[in-house]
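Index from 1, following the sequence.
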Amino acid sequence: MCSSYFYLGASNETLAKIGERLKVDYPNVTFGIYSPPYKPEFSEEDNSKMIEAVNAFQPDVLFVSMTAPKQEKWSHANKDLLVAKIICSIGAVFDFYAGTVECPNKIWQDLGLEWLGRLLKEPKRMAKDIFTMVVYLPNTW
């Protein structure tokens, strides 16, 4: 069973809220957090700091939240350097769990159209992510 989790990504504020909630929801779980700089591309120094933070903690599970496809690319590029049994790129889940972004309505979720609910709610921000996932990512497989 996994007992240690590392949350990489999001703002310090969001990570602090995640930490507060984890202490209540899962008091026996050990967790670590790191907020990388928010920018389109990470420098080698940025990457080193993130890898060092994860490896110092040695989590069973590493959750990465940096927006798509950045989080997937980062996870894939660094997977052999990370001391983590499982790496999960989970996007907006950090914000949903922290309560900083509201989850799409249950109707959208039940229909399997959560992305559409998010697009209607945040069209400028979500359009690029959805375009990337529909057009770019399938061409990388």
Side-chain angles (χ1 to χ4, degrees), residues 1-138 140-141:
M1 176 172 204
C2 298
S3 62
S4 64
Y5 301 83
F6 197 89
Y7 295 78
L8 176 64
S11 67
N12 283 317
E13 175 189 349
T14 297
L15 291 172
K17 288 180 180 184
I18 289 171
E20 291 168 15
R21 186 163 173 197
L22 285 170
K23 289 175 187 174
V24 172
D25 293 350
Y26 305 99
N28 297 323
V29 166
T30 305
F31 65 91
I33 57 174
Y34 185 84
S35 178
Y38 187 78
K39 54 188 177 180
E41 290 188 33
F42 296 120
S43 68
E44 293 221 8
E45 181 181 352
D46 296 331
N47 283 324
S48 292
K49 287 180 181 179
M50 288 185 277
I51 292 165
E52 286 172 18
V54 172
N55 290 348
F57 190 79
Q58 298 185 4
D60 292 318
V61 180
L62 168 61
F63 292 121
V64 183
S65 178
M66 300 176 182
T67 72
K70 184 178 182 181
Q71 62 197 12
E72 289 82 8
K73 288 180 178 182
W74 188 90
S75 297
H76 181 73
N78 295 291
K79 69 180 189 245
D80 294 332
L81 303 173
L82 294 163
V83 179
K85 295 175 185 169
I86 301 169
I87 303 171
C88 303
S89 297
I90 59 174
V93 173
F94 281 23
D95 291 314
F96 296 152
Y97 189 72
T100 56
V101 172
E102 191 176 313
C103 288
N105 189 295
K106 184 156 173 31
I107 293 169
W108 295 116
Q109 294 174 27
D110 291 345
L111 292 171
L113 297 172
E114 189 170 338
W115 63 271
L116 182 57
R118 293 185 66 206
L119 177 63
L120 294 172
K121 198 174 222 179
E122 305 177 79
K124 285 185 177 182
R125 194 179 79 71
M126 292 304 302
K128 181 183 174 205
D129 288 350
I130 290 170
F131 176 81
T132 299
M133 290 172 39
V134 170
V135 175
Y136 174 77
L137 284 179
T140 63
W141 298 329

- Task: Provide the closest heavy-atom pair for P40 versus K70 in the form atom of the first, atom of the second, distance.
- Result: O-CE, 3.6 Å

- NZ (K106) with more than 12 external heavy atoms under 6.0 Å: no

- Cation-pi check, K49 to F42: give yes when NZ or CZ is under 6.0 Å from the six-membered ring centre and within 45° of the ring axis, no otherwise. no

- Task: Looking only at non-hydrogen atoms, find the nearest pair between Y34 and A53 and report the distance.
- Result: CD1-CB, 3.7 Å

- Query: Rounded to the nearest 0.5 Å, what separation is found between the NZ atom of K17 and the CG atom of L22?
  - Reply: 14.5 Å

- Query: How long is the span from the OG atom in S48 to the CG atom in N55, to the nearest 0.5 Å?
  - Reply: 10.5 Å

- Message: Run S43 and D46 through side chain to side chain contact (heavy atoms under 4.5 Å, CB included) and show every step you take.
- Response: CA-CA 5 Å; S43 68; D46 296 331; 3.1 Å; yes

- Query: Can you tell me how far the OH atom of Y97 sits from the OG1 atom of T14, to the nearest 0.5 Å?
  - Reply: 13.5 Å

- Task: For side chain to side chain contact (heavy atoms under 4.5 Å, CB included), just list the numbers for N78 and M50, CA-CA rounded to whole Å, side-chain angles, deciding distance to a tenth of an Å, and then say yes or no.
- Result: CA-CA 10 Å; N78 295 291; M50 288 185 277; over 6 Å; no

- Query: Quick one: are P36 and L8 in side-chain contact, heavy atoms under 4.5 Å?
  - Reply: yes

- Which residue, Y5, Y7, F63, forms the ring-ring contact (aromatic ring centres under 6.0 Å, His included) with F94? Y7

- Item | Distance (rounded to the nearest 0.5 Å) between L81 CG and E52 CD | 11.5 Å

- Task: Heavy atoms only: give me the nearest F57-T30 pair and the separation to one decimal.
- Result: CZ-CG2, 3.6 Å

- Would you find more than 12 non-hydrogen atoms of other residues, nucleotides or ligands less than 6.0 Å from F96 atom CZ? yes

- Message: Measuring from atom CD of Q58 to atom NZ of K85, what distance do you get when rounded to the nearest 0.5 angstrom?
- Response: 10.0 Å

- Item | Any side-chain heavy-atom pair of L15 and I18 under 4.5 Å | yes

- Query: Within the side chain of D60, is there an N or O that forms a donor-acceptor pair under 3.5 Å with the backbone of S3?
  - Reply: yes

- Task: List the atom of P59, the atom of S4, and the distance in Å for their closest heavy-atom pair.
- Result: CA-OG, 3.4 Å

- Quick one: are V83 and V54 in side-chain contact, heavy atoms under 4.5 Å? no

- Are S65 and V93 side-chain neighbours, meaning at least one heavy-atom pair lies under 4.5 Å? no

- Output the distance between atom CG (L62) and atom CD1 (I87), rounded to the nearest 0.5 Å. 5.5 Å

- Query: Any donor and acceptor pair, going by atom type alone, linking the side chain of S35 with main-chain N or O of A10 inside 3.5 Å?
  - Reply: yes

- Consider only side-chain N and O atoms of K73 and H76, and report whether a donor and an acceptor are under 3.5 Å apart. no

